[in-house]
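The figures that follow rest on heavy atoms only: side chains count, while hydrogens, waters and symmetry mates do not. First the proteins, then the strands, lettered A, B, ... as listed; each starts at 1.
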Amino acid sequence: MPEGHTIHRYARLQRKLLGGRRVAASSPQGRFAAGAAVLDGALLHDIDAHGKHMFYRFADRDVSLHVHLGLYGRFRAYEGDALPPTPLTRLVLSSDGVELQLSGPTICELMDPAAEAALRDRLGPDPLHDDDPDEAFVALARRRTPIGQILLDQRVIAGIGNVYRAEVLFLFGIHPNRPAHALDRATFDDLWRLLRELMIAGERRGRIITLQPADRTLPMSQLIAEEDRLYVYNRTGLPCRRCGTPIISWDLAGRTVFACPRCQSA
DNA sequence: TACATATGATCAT
DNA sequence: TGATCCTATGTAA
């Protein structure tokens with residue numbers, strides 16, 4: 001579920017829901033009980049997202065809440081009647097009529113400002129922040145490592161996940177195994193621009209759609225079927241939407257990567 | 001009911 | 001490179 005676009009979307013929706021409000025905090029699961037006790041009754045000032053990390057800042061606390069959803073984490077938000085949190089819910093933040101439930105995060109912790117600054121410093125530029133991509137290009141141009149592997153490195157670019165990686169490389173006809181330094185600056189700039197567009201669209205829609213108008217089978221239709229949103233991600237063995245060659249997938253540094261062997265050249 | 005798999009990341013080796 | 005953490009879902013049995 002959560003690549004950068006999802007995180008930024010959560011931040012935006014939650015800001016609207018809870019920003020400026022005093023919150024009650026609890027940890028049904030118990031694992032964040034001490035942290036919840038610290039936050040209970042605090043005034044939520046703002047929520048910020050950087051890549052896949054979220055930072056909740058409180059007006060009357062000297063620590064931030066740091067959340068990273070990892071692979072399984074999810075939020076449930078309710079206005080009005082909330083379903084009761086499951087026993088595994090790590091954190092509940094509520095304010096009259098609003099309830100936010102967090103389950104399964106890789107990280108849910110309190111962080112002091114120095115630690116937060118250090119963490120953010122480690123992260124690369126985030127396309128959804130309109131950050132300057134220069135630093136990312138420099139990091140990328142230095143390395144022989146496959147471009148597909150580099151794109152998932154959050155120190156190089158923050159916020160890309162497995163879906164955007166696969167899709168953007170397809171759209172540029174770049175094989176994931178191509179050495180990162182083979183990418184020239186002009187192509188990188190184009191790639192960054194498209195990535196940013198796709199992620200902004202994903203943030204707004206709450207869903208990743210990379211299919212380009214030219215590749216739509218039904219150009220008149222406004223609706224894109226669930227299974228027609230992507231070119232290569234999770235389409236192993238299915239025909240490439242452009243050339244019909246079966247999509248292939250393999251393990252790259254521990255993550256499954258997808259590509260069209262014909263459209264994407266090494 | 002069990003199992004595989006997952007849009008993530010860290011740590012040890 | 002492999003083990004590990006965490007939860008939900010889809011498919012196989």
| said: Distance check needed: dT1(C) P versus D251(A) CG, whole Å only. | reply: 8 Å

| request: Kindly say if R155(A) contacts the phosphate of dT10(B), meaning a side-chain N or O under 4.0 Å from OP1 or OP2. | output: no

| task | Check the distance between dA9(B)'s P and I107(A)'s CD1 and give it to me in whole angstrom. | result | 9 Å

| message | When the P atoms of dT1(B) and dC6(C) are compared, how many Å lie between them, rounded to an integer? | response | 24 Å

| Tell me: CG of L198(A) to P of dT7(B), nearest whole Å? | 18 Å

| Hey, which of D48(A), D126(A), D131(A) is the one that makes salt bridge (charged side-chain N to carboxylate O under 4.0 Å, His left out) with R120(A)? | D48(A)

| message | Pairing donors with acceptors under 3.5 angstrom, does anything connect the side chains of R76(A) and S103(A)? | response | yes

| remark: The nucleotide from dT10(B), dA6(B), dA8(C) with an atom nearest the side chain of R122(A) is dT10(B)

| Does Y233(A) put a side-chain nitrogen or oxygen below 4.0 Å from OP1 or OP2 of dT7(B)? | yes

| said: Under 4.0 Å, heavy atoms only, any strand: does R31(A) hit a base, just the sugar-phosphate, or nothing? | reply: sugar-phosphate

| Length of the line joining H66(A):NE2 and dT10(B):P, which is rounded to integer Å | 9 Å

| said: Nearest whole Å is fine: how far is dC5(C) P from E109(A) CD? | reply: 18 Å

| query | Does the pair D189(A)/R193(A) count as a salt bridge with the N-to-O cut at 4.0 Å? | reply | no

| field | Interatomic distance where CZ belongs to F32(A) and P belongs to dT7(C) [whole Å] | value | 15 Å

| task | With C1' as the reference atom in both, quote the distance from dT1(C) to dT7(B) in angstrom, rounded to an integer. | result | 23 Å

| request: Give the nucleotide from the list dA8(C), dG8(B), dC6(C) with an atom nearest to the side chain of N162(A). | output: dG8(B)

| task | Verify the contact: side-chain N or O of Q29(A) to OP1 or OP2 of dT7(C), cut-off strictly under 4.0 Å; return yes or no. | result | yes

| Pair R165(A)-D153(A), salt bridge (Lys or Arg N to Asp or Glu O under 4.0 Å): steps then yes or no | CA-CA 11 Å; R165(A) 156 175 82 168; D153(A) 187 338; over 6 Å; no

| Side chains of I47(A) and M54(A) in contact at under 4.5 Å (non-hydrogen atoms) | yes

| query | Where the side chain of L71(A) is defined as all heavy atoms beyond and including C-beta, which of dG8(B), dC6(C), dA8(C) is the nearest nucleotide? | reply | dG8(B)

| For dG8(B), does OP1 or OP2 lie under 4.0 Å from any side-chain N or O of Q154(A)? | no

| task | Please work out if E167(A) contacts a base, only the sugar-phosphate, or nothing of the nucleic acid, heavy-atom cut-off 4.0 Å. | result | nothing

| query | Base, sugar-phosphate alone, or nothing: which one does R9(A) contact when heavy atoms must sit under 4.0 Å apart? | reply | nothing

| query | Can you tell which of dG8(B), dC5(C), dA8(C) lies closest to the side chain of H68(A)? | reply | dG8(B)

| task | Consider the side chain of P2(A), meaning its heavy atoms from C-beta on, and name the nucleotide among dC6(C), dT9(C), dT7(B) that approaches it most closely. | result | dT7(B)

| note | Taking a pair to mean Watson-Crick or G-U wobble geometry with both distances below 3.5 Å, dT11(C) pairs with dA2(B)

| message | Does a side-chain N or O of R255(A) approach OP1 or OP2 of dT7(B) to a distance below 4.0 Å, or not? | response | yes

| said: In this structure, how many angstroms lie between the P atom of dG8(B) and the OH atom of Y10(A), rounded? | reply: 13 Å

| query | With ring centroids as reference points, do H45(A) and F58(A) lie under 6.0 angstrom apart? | reply | no

| message | Say we look at dT13(B) and dC5(C): how far apart would their P atoms be, to the nearest angstrom? | response | 15 Å

| query | Base, sugar-phosphate, or nothing for L69(A), non-hydrogen atoms under 4.0 angstrom? | reply | nothing

| query | With both distances kept under 3.5 Å, what pairs with dT7(B), Watson-Crick or G-U wobble? | reply | none

| message | With side-chain hydrogen bond (donor to acceptor under 3.5 Å, both in side chains) as the criterion, how do E99(A) and S94(A) come out once you've worked through the C-alpha distance, each side chain's angles and the decisive distance to 0.1 Å? | response | CA-CA 4 Å; E99(A) 182 160 316; S94(A) 57; 4.8 Å; no

| query | Could you give the OH-to-P distance, from Y72(A) to dT4(C), as a whole number of Å? | reply | 13 Å

